[in-house]
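Have a look at the structure below before the remarks.
Values in this document were obtained by computation on a predicted structure and should not be read as measured data. We number each residue from 1, following the sequence as shown.
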Amino acid sequence: MFVLRKRARHGRSGAAIAMGVLALASSAVLTAPTAARAADPAGVLIPAPDAYADRADTLLSTSNNGVLHQEEGAAGYLWTNTYNRRTVPVTALDGVPREAVFTQHDEYDRAAYATTVDGTTTITLVNVEQNTTTRLTLPQGYTHPQVSVGFVLATRETADGGHELRALRPSGSGTPYDVAVRLPSGATAEAEPVVYGGESTSLVIRYRLGSSYGYGTLNGISGAVAALPVTGDATGFRITREVITWFTRQGGQGVRVLARATPNAAPKVLPLSLKSADSEVTPYVVGRNVLWTEGRGGALNLTPIDGAETPRVLLTEFEQGLERSDSMLTALGRTSDGTRAIHLFTVDGSGLVFDLPLRELKPVKKADGSVRALGLDRGTVRFADALPGSVRLHGKDVGTGLDPVAGADLPVFDAAAPGRFADGADQGLARLVADPDSGNDVLLTGDDPAAPAHRLPLPAAGGRIVDASPSHVLYRTPGADGRNYVVDTARDTIVQDQPASAASLDHSTLWTAQPDGSGTLIATDLRTGRQSGAVALRAGCVPDDLQTNGRLIYWSCTGQDRAGVYDATADVAYPAPAHDVLLGDGFLAQRVTGDDGVRLTGLNEDGTTADLGSVSGVKDSAGDGRGVTWAVDRHAGKIAFVDRDDTVHVTAVRRTLSPLALADSSVPGAFRPGGAAWDARWWLSKPAASWKLTLRSRDTGAVVRTWTGSATRGTVPVSWDGTATDGTTASVGGYTWALTAAPADGQGPSLRASGTLDVTGS
């Protein structure tokens with residue numbers, strides 16, 4: 001959690017810094033805050049997203065009262081009953097290998113598994129409701145057992161090299177009932193029995209008919225097999241008390257429904273609405289309905305055989321199903337709301353299919369999230385979360401008021417690293433990605449990962465975004481011969497190319513250090529390319545770190561351990577630490593080596609500094625933690641940091657802030673109706689809660705047009721086609737515009753700015 005610690009107050013700076021020529025793109029005066037007070041330490045907490053995945057679960061056996069399954073995270077096997085949906089471990093199956101357990105249905109709550117010792121195979125049936133065990137030892141020579149509804153089917157090789165199929169079941173005497181299976185004329189047993197399911201004493205089995213297969217219903221008591229009227233390839237055999245069904249495409253695709261009461265009648269053909277002519281179809285029977293899937297991971301659909309139901313989708317993602325002989329289906333899958341569970345599908349008194357969720361399977365955490373990069377800008381926090389195999393950029397709206405407030409999550413982007421993303425540009429989030437062909441960096445801007453982004457190839461690889469403003473991005477290439485490139489993000493154009501040096505953006509102004517060692521800072525107008533001002537720091541060194549928020553300029557010569565802050569508006573200088581510092585609105589934040597927090601220093605109006613305490617519990621980082629484990633909103637009194645549990649904190653640390661001001665503007669002074677629109681743009685020093693622009697006739701004072709807007713993070717755009725409010729075309733002449741904006745943080749008065757516009761004729 002956030003911990004506030006107080007430290008001793010610093011004294012006033014003893015060195016004044018002389019200012020040379022300074023041009024500021026602002027029509028309002030900014031004044032430094034006069035006091036500082038610590039904020040509520042709670043703030044906004046955002047845990048780094050962890051990696052979750054579906055919990056693996058396998059349905060093994062069903063009964064009329066429950067389902068046996070094996071679930072990831074459980075020590076052994078689980079039994080979930082259908083009457084109160086309680087899940088308990090089946091300790092009687094502890095140590096039994098998964099491959100030994102038979103996937104089957106048993107009407108008496110029995111799970112079955114096989115063990116073989118010294119050539120003797122034993123089938124163990126565990127009643128999971130009564131916790132009783134029954135064993136059946138296969139007579140010598142029996143192999144390949146299969147189990148269904150309490151019967152064991154096994155084969156034994158005959159003297160002629162063929163196989164005989166036997167049906168066995170346990171008895172109280174210890175000697176199993178053993179019945180020879182009598183196949184239809186011309187049929188032979190397979191080496192390994194194939195059993196599709198059973199009901200009471202009847203089982204559906206497969207056998208050989210020459211080079212093809214036949215299918216029939218086995219009476220487990222008498223051993224007699226009645227052939228089923230199956231032609232061609234068939235799959236998905238099911239048996240319930242009322243019907244036997246299977247799927248085939250022979251003679252028209254669909255499910256064949258054979259009434260057990262009239263086995264000699266032709267089966268009914270139930271067509272299915274399939275998407276493919278050769279897809280794998282798996283049908284089940286619930287009441288007078290067929291529930292079916294097509295392909296793997298598809299939906300579980302319902303098609304009525306007859307009765308009250310209508311076709312519909314029951315599960316949007318189906319994983320596994322086990323048919324019950326009482327015309328019910330136990331299924332594992334996901335519903336349309338994303339919930340994954342074990343379901344029991346049965347019918348109610350009206351014959352409608354009813355879904356009873358037996359056990360919800362919540363995702364299981366596979367890995368803890370780890371924050372690798374962090375950014376905070378005008379109410380938006382972004383952080384790169386590293387998980388095995390991926391790094392993704394997450395974000396949250398934390399509001400533009402005085403205190404952060406948890407708002408909406410922002411869209412998630414792939415791959416991000418420190419210095420490879422930045423907020424604040426009018427064109428949206430700025431990101432660096434590697435071109436797959438050249439390997440060079442590409443600058444992308446845009447806030448929707450699903451939409452095409454502005455794309456600008458850059459001349460190097462492995463660079464970083466040093467700074468961003470609403471109209472520009474400052475990009476630096478690595479290495480001793482690195483360079484600074486300034487990109488106009490609206491035009492996707494590089495407008496400045498300089499040797500790499502300390503630099504910072506203030507809207508359309510680029511601040512750089514004079515390389516002659518004088519400590520002079522140069523301001524360059526990025527629209528014209530001309531130097532528009534200079535500040536003589538008299539530092540006696542060339543700064544290698546520059547930061548500005550429009551009013552304050554932080555500089556540092558880290559090698560000489562010299563640093564300071566200059567208030568260009570008030571012509572006031574402040575002392576400052578030289579290492580690991582970030583500049584906020586009226587305060588400095590510094591991570592001190594060996595400390596577990598970030599120290600906060602307020603900058604008072606008179607040039608003195610005030611201790612604002614510190615935030616503690618910040619996650620350690622190798623090297624410079626700025627933009628990695630902590631970050632500052634330089635246009636607000638907020639800080640973001642990552643704690644040791646990889647939770648992102650956003651909190652207010654400075655509550656007396658600069659008033660809202662006009663930081664930059666691009667406003668044409670003339671306009672001709674009928675031509676291109678009058679596109680004007682004003683950039684504010686910080687977010688506004690609302691704004692209003694009024695256009696008046698200079699001669700009459702009458703209002704010609706009014707535009708209003710709600711909250712903005714810093715940009716006020718207006719486009720005018722030359723029409724007045726009543727729809728008429730504005731007359732030739734002089735006009736004035738007046739802009740007002742209310743600060744989103746409630747600090748200081750509303751901004752007021754004005755100017756003139758000449759409307760010309762054709």
Check: Should the heavy atoms of other residues, nucleotides or ligands under 6.0 Å from CZ of Arg491 be counted, would the total exceed 12?
Finding: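 No, the 6.0 Å shell around CZ holds no more than 12 heavy atoms from other groups.
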
Hey, what do you get for [atom1] ([X]) to [atom2] ([Y]), rounding to the nearest 0.5 Å?
X	Y	atom1	atom2	answer
Gln514	Ile522	CD	CD1	4.5 Å
Ser501	Leu546	OG	CG	8.0 Å
Leu600	Phe587	CG	CZ	6.5 Å
Thr489	Gln427	OG1	CD	5.0 Å
Leu612	Arg599	CG	CZ	13.5 Å
Arg752	Leu739	CZ	CG	10.0 Å

[X] vs [Y] side-chain heavy atoms within contact, under 4.5 Å:
X	Y	answer
Val615	His649	no
Asp403	Arg655	yes
Lys396	Val650	no
Pro470	His507	yes
Val581	Asp545	no
Thr651	Ile639	yes
Asp414	Pro449	no
Leu456	Ile494	yes

Check whether any side-chain N or O of [X] sits under 3.5 Å from a backbone N or O of [Y] as a donor-acceptor pair, and report yes or no.
X	Y	value
Gln590	Thr601	no
Ser665	Val667	no
Arg392	Ala416	no
Thr477	Gly482	no
Tyr574	Tyr554	no
Asp585	Gly637	no
Asn549	Arg634	yes
Arg530	Asp525	no
Asp426	Ser471	no
Asp467	Leu505	yes

Looking only at heavy atoms, what is the nearest atom pair of [X] and [Y], with distance?
X	Y	result
Leu695	Tyr735	CD1-CB, 3.9 Å
Asp544	Ala502	C-CB, 3.5 Å
Pro743	Lys686	CB-CE, 4.2 Å
Gly419	Leu432	O-CD1, 4.0 Å
Ser518	Thr520	OG-OG1, 2.9 Å
Gly584	Leu552	O-CD1, 4.1 Å

Next item on the list: Tell me, with the steps shown, if Leu429 and Leu393 meet side chain to side chain contact (heavy atoms under 4.5 Å, CB included).
Entry: CA-CA 11 Å; Leu429 173 69; Leu393 185 63; 3.8 Å; yes

Margin query: Leu684 and side chain to side chain contact (heavy atoms under 4.5 Å, CB included): which single residue from Leu660, Thr715, Asp664 fits?
Written below: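 Considering Leu660, Thr715, Asp664, a side chain to side chain contact (heavy atoms under 4.5 Å, CB included) with Leu684 is found only for Leu660.
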
Checklist line | Qualifying residue for ring pair (Phe, Tyr, Trp, His ring centres under 6.0 Å) with Trp737, from Phe671, Trp682, Trp707 | finding: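 The passing option is Trp682.
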
Item checked: Passing option when Arg527 is tested against Ser532, Ser666, Ser508 for side chain to side chain donor-acceptor pair (under 3.5 Å) ->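 That would be Ser508; it is the only one of Ser532, Ser666, Ser508 passing the side chain to side chain donor-acceptor pair (under 3.5 Å) with Arg527.
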
Notebook entry, point to check: With sequence neighbours left out, which residue pairs that include part of residues 391-418 fulfil the ring pair (Phe, Tyr, Trp, His ring centres under 6.0 Å) condition?
Noted result: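 Residue pairs with at least one partner in residues 391-418: Phe383-His394.
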
Notebook entry, point to check: Hey, is Arg378 close enough to Asp633 for a salt bridge, meaning N to O under 4.0 Å?
Noted result: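 Salt bridge: no.
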
Checklist line | Asp721 and Thr723: side chain donor to acceptor below 3.5 Å | finding: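 Their side chains do contain a donor-acceptor pair, which is all the 3.5 Å distance test asks for.
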
Margin query: Run the side chain to side chain contact (heavy atoms under 4.5 Å, CB included) test on Leu521 and Tyr566 for me, step by step, so that the C-alpha distance in whole Å, both residues' side-chain angles and the decisive distance to 0.1 Å come before the verdict.
Written below: CA-CA 11 Å; Leu521 304 184; Tyr566 182 63; over 6 Å; no

Note to self: Walk me through whether Arg713 and Asp377 qualify under salt bridge (charged side-chain N to carboxylate O under 4.0 Å, His left out).
What the structure shows: CA-CA 9 Å; Arg713 295 189 186 273; Asp377 184 88; over 6 Å; no

Note to self: Leu657 vs Leu402, test: side chain to side chain contact (heavy atoms under 4.5 Å, CB included). Steps then yes/no.
What the structure shows: CA-CA 9 Å; Leu657 304 173; Leu402 199 59; 3.7 Å; yes

Margin query: Parallel, tilted or perpendicular, judged at 30° and 60°: which one describes the rings of Trp720 and Trp678?
Written below: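 Answer is perpendicular, since the angle exceeds 60°.
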
Next item on the list: Would you check, one step at a time, whether the test side chain to side chain contact (heavy atoms under 4.5 Å, CB included) holds for Arg455 with Asp435?
Entry: CA-CA 11 Å; Arg455 184 181 183 91; Asp435 183 271; 3.8 Å; yes

